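First, the structure itself, so that you have it in front of you.
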Amino acid sequence: MTKTFYITTPIYYVNGAPHLGHAYTSVAADVLARWHRLEGHDVFFLTGTDEHGQKVEAAAKLAGIPPQEFTDRVSDDFKDMARVMNISNDDFIRTTEPRHKAAAADIWLKLQENGFIYLGAYEGWYAVRDEAFYDEDETEKKPDGTRIATSSGATVEWVVEPSYFFKLSAFQDKLLELYEANPGFIGPQAKRNEITSFVKSGLRDLSISRTSFSWGIPVPGDEKHVMYVWLDALVNYLSACGYPDLSGPRGKYWPANVHLVGKEIIRFHAVIWPAILMAANLPLPARVFSHGWWTVEGEKMSKSVGNVTDVRELVAEFGLDQVRYFLLREVPFGNDGDFSRRALIGRINSDLANGLGNLAQRTLSFINKNAGAVVPPKGRLQEADLVLLEQCSQLPEKVRGAIGRLAFHEALDEIWRLIRAADGYIDREAPWSLRKTDTARMNSVLYVLCATLRSIGVVLQPFMPEQVGRLLDYLGVGDDRSLTILDSALAEGILLPAPAGLFPRIVEEQKNADR
RNA sequence: GGCGGCGUAGCUCAGUGGUAGAGCAGGAGAAUCAUAAUCUCUUGGUCGGAGGUUCAAAUCCUUCCGCCGCUACCA
């Protein structure tokens, strides 16, 4: 039976437009999904949008349209971003879809049946004007004794509203056991420590319904309440598998292998979500991995600064694969990073244009001009050839290891090590000299270079599907481009098309800095 | 305040007890197949400060300085 691999991005909240951060999560998940497909696994890759809650209700009101129309619009924008980024998701779930509402209602009933839901009261500082609750430290007392919300200035009052609660406190020990028994459950390590100490500090029950607004999934049996958005949202990972009927075609994918999330929502995925699943007697995902945030030119992305970056503009200017490469190469996955034009251009020029692109071009165009435009005959290999080919044969395992740890930057670093080795090889062997003295040897060298480029291309496909696809075309690689083709030697004599540059060098116009 | 992390070459970082490393940037040379890309050599660091343990410390301990994260329900 084929191994299944289920990977998710968070469902993106539709109260704002998609930006660089969303694209980052999706690209990382896409690389994982594509890698596992190369491995021959049965992959299910899910993304989508989270569309309920007070903020969405408010945003729709501001836009002057009904919430459903609003969410349709923003959800389409996220779909468009996925298309532009060449994200290979197998499904796109929306929490306003009937299949999801049914799943969420069923989970609620399961939690209730199992005795983990009770009716209590949610208390807090409520601003009628904002229709929102505030924490005490988000409010301040005015001289006349009334209390206002610091951010909006609206008067707040202490409100007690009935609310259903989830007995999260019952799962404290079980969660700690989970983290203990599965060190890889939360990644990276630093987040695991944070979450562990958070859980150790004591868990309170979680308010999971609201009566103060209505844009949500109704609580089964008590329709004055709508479900708390996070309970609603987390269930999406099950909804897409066909839950509550896990005997259907998608049921085999649950539990998920990886939930990729931004660091701001790790807690919901590493604490609340497993607790809910435990309470519903469902199997737990294998791993929750959180990545960092991007600043842009050293500054935090924010609407007020006006630097919220729509990745689609970057793609239009620099190319899709270039942006995908940068996102995963520049920063160790899990860390924060900075996105700057200068760093992006530096990566494109030194790694892609001068590195991979130039290696491919100098090899392929030489073959095109001097070796009959076919994969040259291998001939008798020498020590230097075998050394390089040995590095090729080790590459998939090295990349597999790095990707298994979600260390995308290390995977790319391994690949570039081989690119540099191949550049050294071509210089030392100098096929341009051999052309005049020993064409058999020249052919051997070119053959080894083709084989090297094939290895590099195959493992690089998940990162840069488009340009690397072209590279494999230029190398005459057929339809099967999975990792298994690297187990067989490259066939000689295949006709090769005329190559063209893969990654154009970026030349920035000199902005006359000197006055 | 409590818990945790970080501070290593101009930049981004690797390196957890045994002669300071990589990539990029800088310098010199070589080569000319190639997107003037490539290759070789090379400049550059009192490993945040101070003290301690040890035959030996970037690596362990103490303390100080600086930066950052977490410290729950509104993503």
Side-chain angles (χ1 to χ4, degrees), chain A residues 10-13 15-16 50 53-55 58 122 124-127 130-135 138 149 151 163 165-166 168 188-208 210 212-213 228-231 233-234 261-269 271-272 292 329-332 335-338 342-343 346-347 349-371 409-410 413 416-417 419-420 422-435 442 445-446 449 499-507:
Chain A
I11 45 175
Y12 301 118
Y13 201 53
N15 71 332
D50 180 8
Q54 190 163 20
K55 283 200 171 182
Y122 181 66
W125 293 106
Y126 185 77
D130 301 341
E131 297 181 12
F133 279 92
Y134 291 95
D135 271 355
E138 290 175 320
S151 55
S163 170
F165 281 80
F166 170 59
L168 184 60
Q189 177 82 36
K191 291 297 160 194
R192 177 170 179 254
N193 296 342
E194 275 180 22
I195 294 290
T196 304
S197 81
F198 169 74
V199 173
K200 274 184 182 158
S201 76
L203 294 176
R204 300 204 293 264
D205 289 345
L206 186 71
S207 165
I208 51 166
R210 295 287 187 276
S212 53
F213 62 95
Y228 172 49
V229 279
W230 265 111
L231 175 61
L234 288 164
V261 299
K263 65 179 183 179
E264 73 283 7
I265 57 173
I266 180 74
R267 183 194 301 155
F268 297 96
H269 287 80
V271 179
I272 297 176
R329 173 62 247 249
E330 183 69 1
V331 174
N335 291 11
D336 291 345
D338 182 56
R342 191 178 162 182
R347 285 287 175 199
N349 286 345
S350 65
D351 296 0
L352 297 180
N354 300 352
L356 176 58
N358 183 55
L359 176 65
Q361 187 66 12
R362 69 196 301 203
T363 301
L364 292 167
S365 95
F366 193 91
I367 289 172
N368 199 257
K369 289 175 194 161
N370 304 303
H409 68 296
E410 281 180 38
D413 195 52
W416 256 259
R417 227 181 273 280
I419 290 172
R420 282 192 292 273
D423 264 328
Y425 170 83
I426 193 171
D427 266 57
R428 283 189 300 276
E429 301 303 324
W432 45 90
S433 300
L434 294 168
R435 180 167 67 95
M442 175 192 82
V445 169
L446 295 173
L449 286 165
L502 294 173
F503 300 102
R505 159 168 275 276
I506 309 279
V507 183

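Since this is a predicted model, take the numbers as computed values, not measurements.
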Could you please name the option among B/rC73, B/rU35, B/rC74 that lies closest to any side-chain atom of A/Leu206?
->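 Within the option list, the nearest is B/rC73.
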Can you tell me how far P of B/rC39 sits from CD1 of A/Ile419, to the nearest Å?
->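 That distance rounds to 11 Å.
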Of the listed nucleotides B/rG4, B/rA72, B/rU38, the one nearest the side chain of A/Asn193 =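 Comparing B/rG4, B/rA72, B/rU38 against the side chain of A/Asn193, the answer is B/rG4.
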Check every strand shown and say whether A/Leu502 touches a base, only sugar-phosphate, or nothing at a heavy-atom separation below 4.0 Å.
->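 Counting heavy atoms under 4.0 Å across all strands, the contact made by A/Leu502 includes a base.
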Between A/Trp230 and A/Phe268, how do the two ring planes meet: parallel, tilted or perpendicular, split at 30° and 60°?
->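 Rings of A/Trp230 and A/Phe268: parallel, as their planes differ by under 30°.
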Using the C1' atom on both, measure B/rG51 against B/rC67 and round to a whole Å.
->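 My reading of the C1' atoms in B/rG51 and B/rC67 gives 23 Å.
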Interatomic spacing from CG in A/Asn358 to CG in A/Leu352 - rounded to 0.5 Å |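 Nearest 0.5 Å value for the CG-CG distance: 12.0 Å.
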Supply the atom-to-atom distance A/Asp423 CG to A/Leu359 CG, rounded to the nearest 0.5 angstrom.
->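 The CG atom of A/Leu359 is 5.0 Å from CG of A/Asp423, to the nearest 0.5 Å.
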For A/Asn354 and A/Ser350, work out which heavy atoms get closest and say how close.
->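 Scanning both residues completely, I find the closest heavy atoms to be CB-O, 3.6 Å.
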Residue pair A/Glu330 / A/Ala343: nearest heavy atoms and the distance that separates them =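 Closest heavy-atom pair between A/Glu330 and A/Ala343: OE2-CB, 3.8 Å.
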A/Gln189 CD to B/rG69 C1': how many Å, rounded?
->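 The distance from CD of A/Gln189 to C1' of B/rG69 comes to 15 Å, rounded to the nearest Å.
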Which atom names give the shortest non-hydrogen contact between A/Pro431 and A/Ile426, and what distance separates them?
->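 Closest approach of A/Pro431 to A/Ile426, heavy atoms only: CD-O, 3.5 Å.
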Nucleotide nearest A/Glu194 (side chain, heavy atoms from C-beta), chosen from B/rG69, B/rC74, B/rC33 |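 Looking only at side-chain atoms, A/Glu194 lies closest to B/rG69.
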What is the distance from CH2 of A/Trp416 to P of B/rU38, rounded to the nearest Å?
->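 Rounding to the nearest Å, CH2 of A/Trp416 and P of B/rU38 are 13 Å apart.
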Length of the line joining A/Leu356:CG and B/rU38:C1', which is rounded to integer Å =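 Value for this atom pair: 14 Å.
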Determine the interatomic distance between P on B/rG17 and the same-named atom on B/rC11; round to the nearest Å.
->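 B/rG17 and B/rC11 have their P atoms separated by 28 Å.
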Interatomic distance at C1', B/rA25 relative to B/rC61, whole Å |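 B/rA25 and B/rC61 have their C1' atoms separated by 38 Å.
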Residue closer to the 5' end of RNA chain B, A/Ser365 versus A/Ile195 (nearest nucleotide) =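 The residue closer to the strand's 5' end, by nearest nucleotide, is A/Ser365.
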Can you check whether A/Lys191 has a side-chain N or O nearer than 4.0 Å to OP1 or OP2 of B/rG4?
->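 Negative; the distance criterion is not met.
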Quick one: closest heavy-atom pair of A/Asp351 and A/Trp416, and the distance?
->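 Taking A/Asp351 first and A/Trp416 second, the nearest heavy atoms are O-NE1, 3.0 Å.
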What is the nucleic acid contact for A/Gly202, judged by heavy atoms within less than 4.0 Å: base, sugar-phosphate only, or nothing?
->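 The residue A/Gly202 makes base contact.
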Scan A/Gly357 against the nucleic acid and name what it touches under 4.0 Å (heavy atoms): base, sugar-phosphate only, or nothing.
->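 Base, at least one base atom sits under 4.0 Å.
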Return the value, rounded to whole Å, for the distance between atom CG of A/Asn368 and atom C1' of B/rA34.
->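 In whole Å, B/rA34 C1' and A/Asn368 CG are 13 Å from each other.
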A/Ile426 has an atom CD1; how far is it from atom C1' of B/rA37, in whole Å?
->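 A/Ile426 atom CD1 is separated from B/rA37 atom C1' by 11 Å.
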Could you tell me which nucleotide pairs with B/rA72 by Watson-Crick or G-U wobble geometry, both distances under 3.5 Å, or answer none if nothing does?
->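 The base-pairing partner of B/rA72, which may sit in any strand shown, does not exist here.
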For B/rG69 versus B/rA9, give the span between their C1' atoms, rounded off to a whole number of Å.
->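 It comes out at 28 Å once rounded to the nearest Å.
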Mind checking A/Leu203 for me? I need base, sugar-phosphate or nothing, with any heavy atom below 4.0 Å counting as a touch.
->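 Base contact.
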What does B/rU16 pair with, Watson-Crick or G-U, if both distances are under 3.5 Å?
->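 Paired with no nucleotide.
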Write down the distance between CG (A/Leu449) and C1' (B/rU38), rounded to a whole number of angstrom.
->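 Value for this atom pair: 13 Å.
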With P as the reference atom in both, quote the distance from B/rC65 to B/rG49 in angstrom, rounded to an integer.
->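 B/rC65 and B/rG49 have their P atoms separated by 15 Å.
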Say you draw a straight line from CD of A/Glu410 to CZ of A/Arg329; how long is it, rounded to the nearest 0.5 Å?
->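 One gets 9.5 Å once the value is rounded to the nearest 0.5 Å.
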Provide the distance between the two C1' atoms, one in B/rU63 and one in B/rG44, to the nearest whole Å.
->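 Each nucleotide's C1' atom is 32 Å from the other's.
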Where do N or O atoms of nucleotides 21-31 of chain B meet protein N or O atoms at under 3.5 Å, pair by pair?
none

Atom of A/Leu446, atom of A/Ala371 and distance for their closest heavy-atom approach |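 Nearest heavy atoms, A/Leu446 then A/Ala371: CD1-CB, 3.9 Å.
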A/Arg362 side-chain proximity, nearest of B/rA72, B/rC73, B/rA34 =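 Of all the options, the side chain of A/Arg362 is nearest to B/rA34.
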Separation between the C1' atoms of B/rG23 and B/rU19, rounded to whole Å |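 That atom pair is separated by 24 Å.
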Complement of B/rC6, any strand, by Watson-Crick or G-U distances under 3.5 angstrom =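 Across all strands, the one nucleotide that pairs with B/rC6 is B/rG66.
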Remember a base hit wins even if backbone is also touched, and classify A/Ala353 as base, sugar-phosphate or nothing at under 4.0 Å, heavy atoms.
->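 The answer is base, as A/Ala353 lies within the cut-off (heavy atoms under 4.0 Å) of a base atom.
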Please work out if A/Lys263 contacts a base, only the sugar-phosphate, or nothing of the nucleic acid, heavy-atom cut-off 4.0 Å.
->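 The answer is nothing, as A/Lys263 stays clear of every strand by at least 4.0 Å.
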Of the non-hydrogen atoms in A/Val199 and A/Val271, which two are nearest, and what is the gap between them?
->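 Reported closest heavy-atom pair: CG2-CG2, 3.8 Å.
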Name the nucleic acid region contacted by A/Val229, choosing base, sugar-phosphate or nothing; use a 4.0 angstrom heavy-atom cut-off, strictly under.
->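 Base: the residue A/Val229, judged by heavy atoms under 4.0 Å, touches a nucleobase.
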Sugar-phosphate, base or nothing in reach of A/Ser207, heavy atoms under 4.0 Å |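 A/Ser207: base contact, heavy atoms under 4.0 Å.
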Look through every strand shown and name the nucleotide pairing with B/rA58 as Watson-Crick or G-U wobble, where both distances are under 3.5 Å.
->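 Partner of B/rA58: none found under 3.5 Å.
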Contact class for A/Lys200 vs. all strands (heavy atom < 4.0 Å): base, sugar-phosphate, or nothing?
->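 Nothing, no nucleic acid heavy atom in range.
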With sugar-phosphate meaning primed atoms plus P, OP1 and OP2, does A/Phe268 contact a base, only sugar-phosphate, or nothing at under 4.0 Å between heavy atoms?
->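 A/Phe268: backbone/sugar contact only, no base atoms under 4.0 Å.
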Taking the nucleotide of RNA chain B with the closest heavy atom to each, which residue, A/Gln361 or A/Phe165, is nearer the 5' end?
->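 The answer here is A/Gln361.
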Does the side chain of A/Leu206 reach to within under 4.5 Å of the side chain of A/Tyr228, using non-hydrogen atoms?
->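 Counting from C-beta outward, A/Leu206 and A/Tyr228 do come under 4.5 Å.
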Compare the minimum distances between each of B/rA72, B/rC39, B/rC33 and the side chain of A/Phe198, then state the nucleotide with the smallest one.
->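 For A/Phe198, the side-chain atoms sit closest to B/rA72.
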Any-strand Watson-Crick or G-U partner of B/rU40, both distances under 3.5 Å |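 Pairing partner, where one exists within any strand: B/rA28.
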Proximity to the side chain of A/Arg204 - top-ranked nucleotide from B/rC73, B/rU35, B/rA72 |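 Of the candidates, B/rA72 comes closest.
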Whole angstrom is fine here: how far is it from CG in A/Asp338 over to C1' in B/rC13?
->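 It is 15 Å, rounded to the nearest whole Å.
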Roughly how far apart, to the nearest Å, are B/rC47 and B/rG4 at atom C1'?
->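 Comparing C1' positions in B/rC47 and B/rG4 gives a spacing of 22 Å.
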Paired nucleotide for B/rU46 [Watson-Crick or G-U wobble; both distances under 3.5 Å] =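 Pairing partner: none.
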